[in-house]
Amino acid sequence: MTLSRLQPVRGTRDLLPDDCRRHRLVGETARAIAERYGYGEIATPIFEFTEVFKRTLGETSDIVTKEMYSFTDRGGEMLTLRPENTAGVARAFISGELGQLLPLKFFYAGPMFRHERPQKGRLRQFHQIGVELIGVAEPLGDIEVIGLGAHILDALGVLGRTTLELNTLGDAESRQAYRAALRDYLGARRAALSPESQERLERNPLRILDSKDAGDRQLIQDAPRNAEFLNAASADFFKRVRDGLDAIGVRYTVNPFLVRGLDYYCHSAFEFTTTELGAQSAVLAGGRYDGLIETMGGPPTPGVGWAAGIERLSMLVADVPMATRPIALVPVGAAGEAAALALAAELRRAGFAIDLGYRGNMSKRMKHANKANARAALLIGDDELAKDIVTLRDLDSGGQEAVERGRLAERLAAFR
RNA sequence: GCGAGCGUAGCUCAGCUGGUUAGAGCACCGGAUUGUGGAUCCGGGGGUCGUGGGUUCAAGCCCCAUCGCUCGCCCCA
């Protein structure tokens with residue numbers, strides 16, 4: 001391709017300071033709340049051996065078959081930029097031999113990569129926050145993890161614009177039984193299915209349940225229901241999760257058609273959805289993955305977790321955090337210039353945000369201070385130097401006062 | 001991978017049935033203001049009309065291709 005007009009790779013974006021502040025608000029809010037629940041941050045590499053994702057996501061999943069950024073490195077290893085982080089965390093658990101430390105509670109935040117067609121709320125490099133609770137087989141784990149997600153959404157002020165949809169896939173036995181029943185029912189009506197769903201019938205019949213096609217939805221209304229195929233243990237598990245959510249005041253809607261795309265899920269599947277992101281509805285989604293770690297060659301270990309898209313959350317967050325308001329230094333004349341340089345260093349070390357204009361006469365620098373949204377301006381010219389003071393101007397009120405140089409830091413505390 | 005829509009200044013857009021030298025607002029820079037920002041006024045810079053080809057006496061406008069963006073499908077955060 002030609003570089004005559006330099007562009008970012010399709011589906012990637014530059015995050016300018018305003019964007020970064022938004023992202024940071026999401027990440028830091030989530031991290032702080034997750035820590036209250038005892039979740040420590042984990043950072044795994046952004047690439048892994050391709051095999052890590054192939055084995056965990058299932059050979060036939062869309063992510064593996066067409067969305068991975070894979071490449072061969074100089075040593076001939078097949079590597080892949082992570083399309084999600086659960087597989088990486090599970091791999092870290094296994095390769096770090098962390099089984100003695102169960103239960104483990106991880107929080108993460110970072111970039112993920114999927115080779116998809118970009119659209120609203122969907123990028124090729126995007127960012128996720130997420131949590132994984134490893135080693136807890138009880139419904140209490142599901143409840144905690146979902147409650148933590150709701151807590152974070154609430155802290156960000158977006159919980160009210162989402163709906164928590166909840167379903168159960170049951171354990172392996174229940175899921176197999178339902179899958180077979182669904183395949184029989186839909187197989188008998190194959191001709192009436194949309195072309196996409198005819199495909200799904202072979203690969204993953206459960207996916208037909210959340211088809212957007214009107215004809216499919218019609219058929220699904222009368223299809224066998226998941227609930228009828230849950231064995232006693234699975235039904236009880238689901239009830240305990242629902243009771244727990246009721247107990248902690250998390251509202252949800254049971255959606256029997258909610259399924260997850262990845263193979264390793266069982267029992268709880270959940271999505272906090274919104275109607276404000278175009279064709280994308282999921283803001284925070286996850287579920288239980290008891291079989292995953294064993295599938296990867298580790299000891300049989302249950303897990304439950306979720307991931308949330310930072311870009312999607314950012315679009316829902318109403319107020320952009322403001323940049324720190326600096327204090328502007330405005331020197332007048334050469335002597336003032338030299339004094340301002342030293343004063344800037346001193347005040348920055350003392351913890352103040354200082355904007356030191358680089359050029360221009362006083363009027364220009366005041367204009368610049370205003371554009372920088374400075375809280376106050378410190379004027380330093382010959383008059384001030386002679387009296388060992390600086391002139392402090394409050395840029396919000398317009399009030400101005402002389403402050404002794406020795407008392408400056410003390411007086412400025414009010415403008416921090 | 002498939003489908004649709006859109007590309008004119010840094011941004012948002014106007015530009016008539018094709019017809020002189022492509023405009024506006026905002027933003028930016030300078031001045032009114034050589035020790036005082038925001039408001040106002042005056043002035044200025046900035047465009048190969050995404051790119052390439054075609055039709056025409058004449059193309060920002062019509063046709064084709066191509067690149068890019070956006071939205072949707074699939075799938076997903």
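Residue numbers begin at 1 in each chain, while the letters A, B, ... track the order of the sequences.
A tilted orientation is assigned to the rings of Tyr69(A) and His115(A), their planes being inclined by 30° to 60°. Between His127(A) and His23(A), the angle of the ring planes goes over 60°, which puts this pair in the perpendicular group of the 30/60° scheme.
Counting non-hydrogen atoms of other residues, nucleotides and ligands closer than 6.0 Å to CZ of Phe47(A) gives a total of 12 or fewer.
Using a distance-only test at 3.5 Å, with no hydrogens or angles considered, a donor-acceptor pair links the side chain of Arg82(A) to the main chain of Pro111(A).
Looking only at side-chain heavy atoms (C-beta outward), Phe257(A) and Asn167(A) stay at 4.5 Å or farther from each other.
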Nucleotide by nucleotide, nucleotides 66-72 of chain B touches protein heavy atoms under 4.0 Å in the pattern (B base, S sugar-phosphate only, - none) --SSSSB
With a cut-off of 3.5 Å and sequence neighbours excluded, list every side-chain donor-acceptor pair involving residues 369-382 of chain A.
unit_1    : atom_1 : unit_2    : atom_2 : d
Arg375(A) : NH1    : Asp394(A) : OD1    : 2.9
Arg375(A) : NH1    : Asp396(A) : OD2    : 3.4

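Nearest-nucleotide positions on RNA chain B for Arg124(A) and Lys364(A) put Lys364(A) closer to the 5' end. Between Phe126(A) and Arg393(A), it is Arg393(A) whose nearest contact on RNA chain B lies nearer the 5' terminus.
The ring of Phe229(A) has its center closer than 6.0 angstrom to the ring center of Tyr178(A).
Heavy atoms of Asp396(A) sit under 4.0 angstrom from at least one base atom. Looking at heavy-atom distances under 4.0 Å, Gly398(A) makes contact with a base. The residue Ile129(A) sits apart from the nucleic acid: no heavy atom pair falls under 4.0 Å. Counting non-hydrogen atoms under 4.0 angstrom, Ala369(A) reaches nothing in the nucleic acid. In this structure, Glu311(A) reaches neither bases nor backbone, as no heavy-atom distance under 4.0 Å exists between it and the strands shown.
Side chain Asn370(A) to base G38(B): no donor-acceptor pair is found below 3.5 Å. Residue Arg200(A) places no side-chain atom within donor-acceptor reach of the base of C74(B), judged by atom type and a 3.5 Å distance cut-off alone.
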Parsed dot-bracket for RNA chain B after applying the Watson-Crick and G-U rules with both distances under 3.5 Å and | for other-strand partners is (((((((..((((.....[...)))).(((((.......))))).....(((((..]....))))))))))))....
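By the salt bridge (charged side-chain N to carboxylate O under 4.0 Å, His left out) test, Glu116(A) is found to be paired with Arg122(A), residues two or more places apart in sequence or in another chain being considered.
Every pair passing side-chain hydrogen bond (donor to acceptor under 3.5 Å, both in side chains) that includes a residue from residues 406-416 of chain A is listed here, sequence neighbours excluded: Glu401(A)-Arg411(A).
Between G7(B) and U51(B), the two P atoms lie 14 Å apart (nearest whole Å). Annotation: G46(B) and G30(B) have their C1' atoms spaced 14 Å apart (nearest Å).
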Close N or O pairs between protein and nucleotides 33-35 of chain B (under 3.5 Å):
unit_1 : atom_1 : unit_2    : atom_2 : d
G35(B) : O6     : Asp383(A) : N      : 3.0
G35(B) : O6     : Asp383(A) : OD1    : 3.3
G35(B) : O6     : Asp383(A) : OD2    : 3.0
G35(B) : O6     : Glu384(A) : OE1    : 3.4
G35(B) : N1     : Glu384(A) : OE1    : 2.8
G35(B) : N1     : Glu384(A) : OE2    : 3.1
G35(B) : N2     : Glu384(A) : OE2    : 2.6

Exercise for review: For Leu245(A) and Leu166(A), run side-chain contact (heavy atoms from CB on, under 4.5 Å): C-alpha distance rounded to whole Å, both residues' side-chain angles, the deciding distance at 0.1 Å, then the answer.
Suggested key: CA-CA 11 Å; Leu245(A) 292 176; Leu166(A) 180 69; 3.8 Å; yes
Q. Given the rule in the side-chain contact (heavy atoms from CB on, under 4.5 Å) test, do Leu123(A) and Gln125(A) qualify, once you have shown the distances and angles that lead to the verdict?
A. CA-CA 5 Å; Leu123(A) 294 163; Gln125(A) 174 176 338; 5.8 Å; no
